[in-house]
Structures are given as C-alpha cells and as structure tokens.
Amino acid sequence: MKLRHLITRLSRLNLCKGTRETSALKAQFRAEDLELVRQGRGGEIAIRNRRLMGIADGAETRLVGYSGVRFE
C-alpha cells in the first residue's frame, strides 16, 4: 500500500467524538432521505435542504447543487 493511500485511510477514521457524532447525523439524514424517496416524497427532501441552508421558499438562487439536490 502506498503511503498516500494509508494517510487517506487514516484521515477518514472517526477518531474524535465530534467527528463520530457528525458521521452519525449524516447517516441518519441519508436513511431518512432514502425512506422519503421510497415513499415517493422526494420533493420534501429538497424543501428541507433549502430550509437548512437558509433559502426562503420560492427564492431564486444561484446555487447549482448541494448533496445531490439541484437548485436553480
């Protein structure tokens, strides 16, 4: 294994408490998003993401994408 590959793998380990909590929250959001998509409610994901980013409903933005959700 090359040294840079080893360094990359080590950097991705969740060694501190904050990183573990962040990873757990991301996994929880992904699971919730997948469940909403399975139920056919994918539009709610975009609305929630816009709200979390502080974008008002109906506001025009120049943001192209965030977590796989496209805005124009």
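Nothing fancy with the numbering, it's 1 onward along the sequence.
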Nearest-0.5 Å distance that lies between atom CG in Leu52 and atom CZ in Phe29 = 6.0 Å
One should read off an interatomic distance between Ile7 CD1 and Arg9 CZ, to the nearest 0.5 angstrom, of 13.0 Å
Report yes if some heavy atom in the side chain of Glu32 is under 4.5 Å from a heavy atom in the side chain of Ile45; otherwise report no.
-> no
Distance in Å, Arg41 CZ paired with Ile47 CD1, rounded so as to fall on 0.5 Å steps | 10.5 Å
Output the distance between atom CD (Gln28) and atom CG (Asp33), rounded to the nearest 0.5 Å.
-> 10.5 Å
Considering residues at least two apart in sequence or located in another chain, which fulfil the side chain to side chain contact (heavy atoms under 4.5 Å, CB included) criterion with Leu10?
-> Leu6, Leu13
Return the minimal non-hydrogen interatomic distance between Cys16 and Thr19, and the atom names on each side.
-> SG-OG1, 2.8 Å
Can you tell me how far the CD atom of Gln39 sits from the CG atom of Leu34, to the nearest 0.5 Å?
-> 11.5 Å
Taking only residues two or more places apart in sequence or in another chain, which ones pass salt bridge (charged side-chain N to carboxylate O under 4.0 Å, His left out) with Arg4?
-> none
Is the CZ atom of Arg38 crowded by more than 12 outside heavy atoms at less than 6.0 Å?
-> yes
